[in-house]
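Notes for the one structure printed next.
Because the structure is a prediction, the values reported are computed rather than measured. Whatever order the structure lists ligands and atoms in, that order sets their numbers, starting from 1.
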Amino acid sequence: MSLTVSGVSRSFGGVEAAQDVSLQVDPGRIVGLIGPNGAGKTTLVNLITGVLRIDRGTVSVDGEDVTAKTIVGVARAGVSRTFQNVRLLTDSTVLENVTLGLAQQEHSSFLDCMLGLPAAQRDRRAVRDKAMQILADVGMVEYAHRIASGLAYGHQRRVEIARAIAVKPKYILLDEPVAGMNDVEAGEMIQLFKSFAERGIGILLIEHNMRFVNALCEQIYVLNTGRIIADGTPAEISQSPDVIAAYLGT
Ligand SMILES: Nc1ncnc2c1ncn2[C@@H]1O[C@H](COP(=O)(O)OP(=O)(O)OP(=O)(O)O)[C@@H](O)[C@H]1O
Ligand SMILES: [Mg+2]
């Protein structure tokens, strides 16, 4: 059982954005993915989630090959994500943004909904209650009825995280989830991500803030120019000459 990336490569014209990348995220573990700007971190998330086509290599989710699957197929297999540049339904409320992910799990039929039958009403209430619970988890209950686009950037990120977790993923890929948050807010996210892991969700955490990564990850992969140049504990990574060279640009 794991999210497994094996020998994944992808080039854009002459640029090899991913070169033979292999990594593994186990359920309940938080694995870091770091690297300088342009290293290929976001590209890797796009390759895993079916946003970009993979040239060579495979991606599997708990043994199921998802290499050739579409965005929807990979999501169905249990992989969710957040975006480096927040993508919310800007004209919708915070609550609506989260219920959208939950609505797919409703059981009542379209006809039940149309006719306003009790089953549909019950489901709608259940979805709303679940969404409010998730918003409570991310500290956004009091913003539930606010329009998403009017929120501060750090709050929009929380809504994205809520939306990504609402679909009950097995694995979640977080692309710089605390960018734009202050230290207090980031500290709250540390607790939140730990609670996801305690529930058995495997997390791939992309982040530039090393204090944040070190607080959450026992294992870190370092990407540079599309290649994994090191992996290990925070202590091991910080001693690696290749990593030091990559960050100093030598
Ligand atoms: N669709 C695309 N077409 C062409 N080139 C692309 C495409 N997507 C990514 N690249 C290139 O792939 C390389 C890796 O970019 P990527 O955004 O994955 O880096 P990153 O590690 O996420 O950087 P950052 O830390 O700044 O977010 C860059 O050279 C980028 O220009
Ligand atoms: Mg990126």
Residue, atom name and distance, where the atom is the protein heavy atom closest to atom 27 (O) of ligand 1:
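It is Gln84 NE2, 2.8 Å.
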Heavy-atom nearest neighbour in the protein, as seen from atom 11 (C) of ligand 1, with distance rounded to 0.1 Å:
Phe12 CD1, 4.1 Å
Can you tell which of [options] gets a heavy atom nearest to [atom]?
| atom | options | value |
| --- | --- | --- |
| atom 23 (O) of ligand 1 | Pro36, Gly14, Gly38 | Gly38 |
| atom 21 (O) of ligand 1 | Lys41, Arg10, Glu16 | Lys41 |
| atom 15 (O) of ligand 1 | Thr42, Asn85, Thr43 | Thr43 |

Any side-chain donor paired with an acceptor under 3.5 Å for [X] and [Y]?
| X | Y | value |
| --- | --- | --- |
| Asp137 | Gln133 | yes |
| Asp242 | Ser240 | no |
| Thr82 | Asp175 | no |

Would the distance check show the side chain of [X] and the main-chain N or O of [Y] forming a donor-acceptor pair, the cut-off being under 3.5 Å?
| X | Y | value |
| --- | --- | --- |
| Arg10 | Arg53 | yes |
| Asn182 | Glu185 | yes |
| Ser9 | Asp20 | yes |

Per-atom contacts of ligand 1 with [X], taking only distances under 4.0 Å to non-hydrogen atoms:
| X | value |
| --- | --- |
| Asn37 | 23 (O), 24 (P), 25 (O), 26 (O) |
| Ala17 | 12 (O) |
| Glu176 | 25 (O), 27 (O) |
| His208 | 25 (O) |

Any protein heavy atom under 4.0 Å from atom 6 (C) of ligand 1?
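Protein heavy atoms within 4.0 Å of atom 6 (C) of ligand 1 - there is at least one.
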Distance flag for atom 31 (O) of ligand 1, protein heavy atom under 4.0 Å
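No, there is no protein heavy atom closer to it than 4.0 Å.
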Any carboxylate oxygen within less than 4.0 angstrom of a Lys/Arg side-chain nitrogen, looking at [X] and [Y]?
| X | Y | value |
| --- | --- | --- |
| Glu16 | Arg227 | no |
| Lys170 | Asp62 | yes |
| Glu176 | Arg157 | no |

What do you reckon, does Leu52 have a nitrogen or oxygen under 3.5 Å from a nitrogen or oxygen of ligand 1?
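No, there is no polar N/O contact under 3.5 Å.
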So is there a nitrogen or oxygen of Val15 less than 3.5 Å from a nitrogen or oxygen in ligand 1?
no
Any heavy atom of Gly40 closer to ligand 1 than 4.0 angstrom?
yes
Which residues and atoms, protein N, O or S only, are under 2.8 Å from the Mg ion (ligand 2)?
Thr42 OG1, Gln84 OE1
Evaluate side chain to side chain donor-acceptor pair (under 3.5 Å) for Gln24 paired with Thr4, printing each intermediate quantity in order.
CA-CA 5 Å; Gln24 184 175 319; Thr4 308; 4.6 Å; no
Residues at least two apart in sequence or cross-chain that pass ring pair (Phe, Tyr, Trp, His ring centres under 6.0 Å) with Tyr143, listed by chain then number, are His155
Rounded to the nearest 0.5 Å, how far does CD1 of Ile34 lie from NE2 of His208?
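Here the rounded value is 9.5 Å.
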Verify salt bridge (charged side-chain N to carboxylate O under 4.0 Å, His left out) between Arg211 and Asp183, making sure each step is shown before the conclusion.
CA-CA 10 Å; Arg211 242 185 332 141; Asp183 284 352; 3.8 Å; yes
